[in-house]
There are 2 protein chains.
Amino acid sequence: MNVQFRKMKPLKSYQHVVDEIQTAICEGNLKEGETLPSEMKLKEMFDTSRGTIREALRVLEQRGLVSIRTGVNGGARVQGASAKPMTDSVAILIRQQRVTLSHLAEFRKMMEGHISEQAAKKADMGDIQKLMAILRDAAAHIQTKPSGWTEFHKMDAEFHRTLAEIAENPLLEANLTAVHSNIQIYFHQYLPWSEALLHDNFKDLCGIAAAVEQRDPATARRMAEEHVAKFNALMEKNLE
Amino acid sequence: MNVQFRKMKPLKSYQHVVDEIQTAICEGNLKEGETLPSEMKLKEMFDTSRGTIREALRVLEQRGLVSIRTGVNGGARVQGASAKPMTDSVAILIRQQRVTLSHLAEFRKMMEGHISEQAAKKADMGDIQKLMAILRDAAAHIQTKPSGWTEFHKMDAEFHRTLAEIAENPLLEANLTAVHSNIQIYFHQYLPWSEALLHDNFKDLCGIAAAVEQRDPATARRMAEEHVAKFNALMEKNLE
DNA sequence: ATCATTAAACTGTCCTACAGTTTGATTGTA
DNA sequence: TACAATCAAACTGTAGGACAGTTTAATGAT
């Protein structure tokens with residue numbers, strides 16, 4: 001006996017529907033943006049009941065593979081890459097209090113360091129111009145009025161996401177997005193945002209971008225790690 | 001206008017049920033292992049239809065918060081921490097061919113390096129004894145007959161998981177589990193397993209354990225990274 | 001032309017009924 | 001008494017029908 005047999009269990013029919021559609025999406029037979037047939041038609045195609053189809057669609061929706069809209073021309077639209085399921089699972093770990101801010105920050109520091117290092121190794125002219133464009137955009141939103149701050153934070157997130165894109169690892173990109181979305185709540189709650197802090201943040205980004213531009217992986221990593229560590233220390237201080 | 005208002009959309013009722021139960025689980029009002037009321041009772045408690053309850057349960061099941069069994073005394077049991085949703089989302093990225101073996105390996109190398117480093121900093125006597133016990137167990141399964149190899153691989157995974165546990169970051173632990181489960185298919189398919197390779201693997205683990213025991217974070221990190229890199233190189237070679 | 005109205009195509013919810021699955025109790029048998 | 005087979009009960013899984021709610025696009029009035 002070198003093999004382990006799996007217990008023979010008749011597949012639940014909604015699971016069959018899930019598998020079938022998920023495969024079609026992953027193989028590319030259903031492309032991003034395309035709309036699946038209506039529940040009525042699917043019900044006939046799979047020869048099941050509408051309830052079964054709906055349970056299957058709920059599962060696919062949870063997995064971020066489709067998004068469902070009501071009304072005419074509504075239905076299940078195929079979604080492209082989505083970090084949603086990952087973001088959700090991290091969120092649950094946090095709500096269960098298994099994962100704390102320190103855990104998030106440690107994980108983020110590790111990733112941002114690695115990403116910046118890789119980006120410094122792989123970035124081409126176009127990539128660097130993208131980064132610079134984001135920085136210019138961000139600079140425009142540093143102002144005394146808090147009304148522009150939200151925009152700045154968006155640019156900040158975009159900068160980090162672009163670095164991950166340059167590092168060319170979608171797995172890192174998805175995880176970074178998940179961590180960012182979840183850490184954001186803490187950002188707004190525990191950081192004493194001011195024009196000065198915005199400037200500080202901006203300067204850090206410029207430093208990382210410069211290191212990437214000069215193809216200096218070690219510096220890029222160090223600066224990214226320090227950036228994350230600095231802001232986390234600030235938060236931990238205000239957390240008490 | 002400093003705030004962004006969200007569009008007023010009446011919450012779908014299955015979503016309400018999901019939120020309610022998820023909150024109860026996360027707050028600890030529903031404890032691990034506990035069984036939720038039957039669909040009939042839930043239907044009455046929430047004053048909805050059974051279909052709605054079932055859609056909600058499908059969502060909770062997808063999120064790894066409950067597992068559902070049929071038959072008497074069946075129903076939805078509250079699950080403890082589960083890396084399932086994370087494993088699933090990684091699996092989807094792979095099936096969509098957005099994430100390759102190289103991506104997985106890079107991510108794994110980063111994590112294993114970091115984890116071993118942290119473990120070397122944080123391990124106490126008990127932790128080190130745990131590691132040694134696993135290694136002893138693993139050694140017993142290195143044999144010429146391939147029948148014991150499956151056991152060895154289990155021990156190998158357990159060793160890495162324990163390191164993550166020692167590093168005290170559940171987020172890293174969950175991600176490592178997700179990557180491991182997904183990379184395993186490649187392991188069996190593209191690695192030329194033999195007694196010699198098993199020994200090689202085993203020796204790497206011993207090296208990491210020794211570095212952790214001697215509280216040598218730098219060495220622990222280096223050895224873990226080399227270990228992952230070595231086996232990945234082997235796979236990449238056989239992938240062509 | 002532009003705006004309000006309406007019809008159509010969908011998803012969301014509720015109901016009822018019955019089939020399939022698992023467990024624990026009950027009954028029959030050595 | 002022990003133990004196996006049988007059965008009933010408590011569940012989830014599936015089917016089908018009805019109607020309410022939502023969104024888009026065509027239609028019509030001004």
Side-chain angles (χ1 to χ4, degrees), chain A residues 5-22 24-25 30 33-79 82 84, chain B residues 5-22 24-25 30 33-79 82 84:
Chain A
F5 293 120
R6 278 177 306 177
K7 200 169 175 182
M8 170 75 158
K9 284 220 187 175
L11 201 52
K12 280 166 224 159
S13 50
Y14 71 85
Q15 191 59 54
H16 170 76
V17 174
V18 168
D19 291 347
E20 205 82 0
I21 296 179
Q22 172 161 329
I25 293 175
L30 280 169
E34 230 176 305
T35 304
L36 270 65
S38 69
E39 293 175 357
M40 276 304 183
K41 281 176 190 163
L42 285 172
K43 157 199 149 124
E44 279 160 24
M45 292 167 76
F46 284 104
D47 190 29
T48 62
S49 69
R50 215 185 130 208
T52 300
I53 295 291
R54 283 183 62 81
E55 288 188 31
L57 289 176
R58 281 285 94 71
V59 171
L60 292 166
E61 191 183 34
Q62 264 318 290
R63 295 192 183 168
L65 289 170
V66 305
S67 73
I68 296 170
R69 299 181 349 185
T70 57
V72 63
N73 280 2
R77 268 185 179 64
V78 177
Q79 293 274 288
S82 139
K84 195 204 157 235
Chain B
F5 292 120
R6 279 177 305 177
K7 199 169 174 183
M8 171 76 158
K9 283 219 186 176
L11 200 52
K12 281 166 223 157
S13 51
Y14 71 86
Q15 190 59 54
H16 170 76
V17 174
V18 168
D19 291 348
E20 204 81 1
I21 296 179
Q22 172 162 330
I25 293 176
L30 281 168
E34 231 176 303
T35 305
L36 270 66
S38 70
E39 292 176 356
M40 274 305 181
K41 280 176 190 162
L42 285 173
K43 157 198 147 121
E44 279 161 26
M45 291 167 75
F46 284 104
D47 191 30
T48 63
S49 69
R50 215 184 130 206
T52 299
I53 295 291
R54 283 182 63 80
E55 288 189 32
L57 289 176
R58 280 284 96 68
V59 171
L60 292 167
E61 190 183 34
Q62 261 325 283
R63 294 192 183 169
L65 289 170
V66 304
S67 73
I68 297 169
R69 300 183 346 185
T70 57
V72 62
N73 280 1
R77 267 186 180 64
V78 177
Q79 293 273 287
S82 138
K84 194 203 157 236

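If you're wondering where the values come from, they're calculated on a predicted model, not measured in any experiment. Proteins come first, then strands; the chains are lettered A, B, ... in the order of their sequence lines, and each starts at number 1.
To the nearest 0.5 Å, atom CD1 of residue Ile53(B) and atom CD of residue Glu44(B) are 10.5 Å apart. Rounding to the nearest 0.5 Å gives a distance of 8.5 Å between CD of Gln15(B) and CZ of Arg58(A). In this structure, CD on Gln62(B) lies 8.5 Å from CG on Leu60(A), to the nearest 0.5 angstrom. A distance of 4.5 Å separates CG in Leu57(A) from CD1 in Ile68(A), rounded to the nearest 0.5 Å. Atoms NZ and CD, from Lys84(B) and Glu61(B) in turn, are 6.5 Å apart once rounded to the nearest 0.5 Å. For the atom pair CD1 (Ile21(A)) and CG (Leu65(A)), the distance works out to 10.0 Å, reported to the nearest 0.5 Å.
Between Ser49(A) and dA15(D), a side-chain N or O to OP1/OP2 separation shorter than 4.0 Å is present. For Thr48(B) and dT13(C), the shortest distance from a side-chain N or O to OP1 or OP2 is not below 4.0 Å.
In terms of heavy-atom proximity, Met45(A) sits nearest to Pro37(A) at SD-CG, 3.8 Å. Between Gln79(A) and Gly64(A), the shortest heavy-atom distance links the atoms CB-O, 3.4 Å. Taking both residues in full, the closest heavy atoms of Arg77(A) and Thr35(A) are given as CG-OG1, 3.6 Å, listed atom of the first, atom of the second, then distance.
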Query raised in the report: Does the pair Thr48(A) and His16(A) meet the rule for a side chain to side chain contact (heavy atoms under 4.5 Å, CB included), with working shown?
Result: CA-CA 11 Å; Thr48(A) 62; His16(A) 170 76; over 6 Å; no
Report task. List the steps, then state whether side chain to side chain contact (heavy atoms under 4.5 Å, CB included) holds for Leu42(B) with Val17(B). Result -> CA-CA 9 Å; Leu42(B) 285 173; Val17(B) 174; over 6 Å; no
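Straight-line distance from the NE2 atom of His16(A) to the P atom of dT14(D): 11 Å, rounded to whole Å. Put simply, CD on Glu44(B) is 10 Å from P on dC15(C), counting in whole angstrom units. When the C1' atom of dT11(C) is taken as reference, atom CG of Leu42(A) falls 12 Å away, rounded to whole Å. One interatomic measurement links the two molecules: OH of Tyr14(A) to P of dG20(C), which rounds to 17 Å at whole-angstrom precision. Summarising the geometry, the separation between CZ on Arg77(B) and P on dT22(C) is reported as 13 Å, rounded to the nearest angstrom.
Contacts between residues 33-41 of chain B and DNA chain D, defined by a heavy-atom separation below 4.0 Å, involve Ser38(B), Glu39(B), listed by number. A heavy atom closer than 4.0 Å to some atom of DNA chain C occurs in Thr52(B), these being the qualifying members of residues 51-64 of chain B.
Residue contacts for Arg69(B): at a heavy-atom cut-off of 4.0 Å it reaches the sugar-phosphate backbone alone, with no base atom in range.
Looking only at side-chain heavy atoms (C-beta outward), Asp19(A) and Leu11(A) come within less than 4.5 Å of each other.
Interface remark: the Arg50(B) side chain does not form any donor-acceptor pair with the dT16(C) base, using a distance-only criterion of under 3.5 Å.
Two end axes, each from the C1' atoms of five base pairs, can be drawn for the helix from dA1(C)-dT30(D) to dA30(C)-dT1(D); they diverge by 0°, to 10 degrees.
Comparing Asn73(A) and Lys12(A) along DNA chain D, the residue whose closest nucleotide (by nearest heavy atom) sits nearer the 5' end is Lys12(A). The residue among Gln15(A) and Gly71(A) whose nearest nucleotide of DNA chain D is located toward the 5' end is Gln15(A).
Of the listed nucleotides (dT23(C), dT12(D), dA9(C)), dT23(C) has the atom at the smallest distance from the side chain of Val72(B).
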